[in-house]
Enquirer: 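Sharing a structure below in structure tokens format, with a few things to ask.
Note on naming: letters A, B, ... go to the chains in the order of the sequence lines (proteins, then strands), and numbering restarts at 1 for each one.
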Protein chains: 2
Amino acid sequence: MPKKDSEFALQDFLPYLLNQAAEESSLAFQKAYKNRYGMLRTEWRVLFHLGTYGQMTATGICDKARIHKTKISRAVQKLSERRFVVRARSDEDRRVEYLKLTPAGEAAYRDLRTEAEDYDARLRGQFTSGEVALLRMMLKRLAGLDAAG
Amino acid sequence: MPKKDSEFALQDFLPYLLNQAAEESSLAFQKAYKNRYGMLRTEWRVLFHLGTYGQMTATGICDKARIHKTKISRAVQKLSERRFVVRARSDEDRRVEYLKLTPAGEAAYRDLRTEAEDYDARLRGQFTSGEVALLRMMLKRLAGLDAAG
DNA sequence: GCTTGTTAGTTACAAAAACAACCATTACCA
DNA sequence: TGGTAATGGTTGTTTTTGTAACTAACAAGC
């Protein structure tokens with residue numbers, strides 16, 4: 001009986017497939033924020049968190065977006081230099097800093113959000129809405145975003 | 001009529017979700033090749049390509065794995081230093097170099113393949129086999145891996 | 001056969017990420 | 001109330017990546 005050597009299919013290995021799909025879609029969408037605003041991936045993520053959820057702290061974004069705090073710290077620095085974000089120390093706890101978008105930040109957010117919606121619609125267009133719903137459900141579970149998020 | 005400001009759901013945006021799921025699953029699987037063999041992501045990818053497809057050239061891996069050639073070049077360097085991979089110049093075309101696993105490389109591959117199979121089975125276990133099939137189909141299409149691969 | 005172009009792969013340098021150590025402030029608790 | 005731990009956030013250093021330029025070998029046109 002031969003060793004079942006060739007049964008493993010790399011192109012069906014979920015972590016591999018997930019990465020290929022993620023990279024492809026990220027690279028395509030990246031053009032929007034990179035070319036038009038010179039932003040990095042972490043920067044648009046911070047921008048979008050503040051844009052969709054309103055005022056947050058850096059730690060809040062860390063938890064929600066699952067990004068390390070040093071990356072957030074530097075992204076906030078950049079966004080604040082560009083006057084897209086303002087920081088305000090809390091009075092109750094002087095360690096924490098509230099972040100929110102400036103009008104310029106809001107404008108950039110709205111612009112990029114339109115891009116995002118268009119791009120997402122294009123991706124979804126390849127499938128039925130039932131398939132998309134299932135895909136989202138599965139991705140959320142794989143990401144561990146079922147309950148918390 | 002108010003601006004539909006809050007209709008965009010970041011947590012449903014496909015590139016974002018794909019990245020979250022990809023990162024989560026990659027990080028978990030990473031432990032296997034990182035802790036046990038001190039490998040980087042590109043290195044296990046090269047190892048797995050050579051393990052599952054047999055002898056290949058660097059360019060062949062680039063095309064199949066969609067990784068830039070500089071990354072492949074460095075990964076091959078590392079793997080060859082560790083005696084997991086041997087390189088052999090082609091006689092027909094002295095630019096090309098055939099890569100294949102050494103016995104030690106094969107052993108590492110088989111070991112990590114087992115890990116991969118177990119981990120993949122664990123991921124798949126959260127869903128029905130029909131759901132998994134659909135997920136794979138969708139991810140391949142999103143990755144642009146429909147025809148070529 | 002000699003310019004021009006292409007392909008396989010490497011190297012050098014700049015940008016970004018990971019990791020650890022670090023303040024400052026607040027919480028715990030004996 | 002004073003010492004220890006935990007938390008929010010930043011900074012510094014090392015790895016890893018991205019980008020461009022490079023060498024070497026081949027291919028094609030003329």
Enquirer: Same cluster or not: L27(A) versus L145(B), using hydrophobic residues (I, L, V, M, F, W, Y) connected whenever any side-chain heavy atoms lie under 4.5 Å apart?
Expert: no
Enquirer: 5' to 3' on DNA chain D, which nucleotides open and close the contacts with chain B (atom under 4.0 Å from a heavy atom)?
Expert: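 Extent of the interface on DNA chain D: dT16(D) to dC26(D).
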Enquirer: Show me the donor-acceptor pairs, under 3.5 Å and distance only, between side chains in residues 132-141 of chain A and residues at least two apart or in other chains.
Expert:
residue: R136(A); atom: NE; partner: D12(B); partner atom: O; Å: 3.1
residue: K140(A); atom: NZ; partner: D12(B); partner atom: OD1; Å: 2.6
residue: R141(A); atom: NH1; partner: Q126(B); partner atom: O; Å: 2.7

Enquirer: In whole Å, I'd like the distance from the CD atom of E97(B) to the P atom of dT7(C).
Expert: 19 Å
Enquirer: State which residues pass side chain to side chain contact (heavy atoms under 4.5 Å, CB included) with S80(B); sequence neighbours excluded, sorted by chain then number.
Expert: R87(B)
Enquirer: List in chain and number order the residues that pass side chain to side chain contact (heavy atoms under 4.5 Å, CB included) with K100(B), two or more places apart in sequence or in another chain; answer none if no residue qualifies.
Expert: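 K100(B): side chain to side chain contact (heavy atoms under 4.5 Å, CB included) contacts with Q55(B), V86(B).
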Enquirer: Please report the end-to-end axis angle for the helix from dG1(C)-dC30(D) to dA30(C)-dT1(D), five pairs per end, rounded to 10 degrees.
Expert: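 Comparing the first five pairs with the last five, the axes sit 20° apart.
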Enquirer: Looking at K71(A), I'd like to know whether one of its side-chain N or O atoms comes within less than 4.0 Å of OP1 or OP2 on dA18(C).
Expert: yes
Enquirer: Can you list everything that forms a ring pair (Phe, Tyr, Trp, His ring centres under 6.0 Å) with F84(A)? Sequence neighbours excluded, please.
Expert: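 For F84(A), no residue satisfies ring pair (Phe, Tyr, Trp, His ring centres under 6.0 Å) once neighbours in sequence are set aside.
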Enquirer: Whole angstrom is fine here: how far is it from CD1 in I72(A) over to P in dA17(C)?
Expert: 11 Å
Enquirer: Residues in ring pair (Phe, Tyr, Trp, His ring centres under 6.0 Å) with Y119(A), at least two apart?
Expert: none
Enquirer: Please list, chain by chain and in numerical order, all residues satisfying side chain to side chain contact (heavy atoms under 4.5 Å, CB included) with T70(A), sequence neighbours excluded.
Expert: H68(A), R74(A)
Enquirer: Does Y98(A) sit in a hydrophobic cluster with other residues, and if so which ones, taking ILVMFWY side chains as linked at heavy-atom separations under 4.5 Å, directly or through other members?
Expert: V96(A)
Enquirer: So, using side chain to side chain contact (heavy atoms under 4.5 Å, CB included) as the criterion, who are the partners of L40(B) when residues are at least two apart?
Expert: E43(B)
Enquirer: Output yes when R36(A) and E115(A) qualify as a salt bridge under the 4.0 Å nitrogen-oxygen rule, no when they do not.
Expert: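 Counted as a salt bridge, because a side-chain N and a carboxylate O are separated by less than 4.0 Å.
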Enquirer: So what does L40(A) touch, heavy atoms closer than 4.0 Å: a base, only the sugar-phosphate, or nothing?
Expert: sugar-phosphate
Enquirer: Does T57(A) or T70(B) map to a spot on DNA chain D nearer the 5' end, using the closest nucleotide for each?
Expert: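 Counting from the 5' end, the first nearest nucleotide belongs to T57(A).
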Enquirer: Residues of residues 73-96 of chain A with any non-hydrogen atom less than 4.0 angstrom from an atom of DNA chain D: list those, numerically ordered, please.
Expert: S73(A), R74(A), Q77(A), R87(A), R95(A), V96(A)
Enquirer: Could you list the residues that satisfy ring pair (Phe, Tyr, Trp, His ring centres under 6.0 Å) with F48(A), not counting sequence neighbours?
Expert: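 Ring pair (Phe, Tyr, Trp, His ring centres under 6.0 Å) check on F48(A) returns W44(A), Y109(A), F8(B).
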Enquirer: How many whole angstroms separate atom CD of Q30(A) from atom P of dA16(C)?
Expert: 10 Å
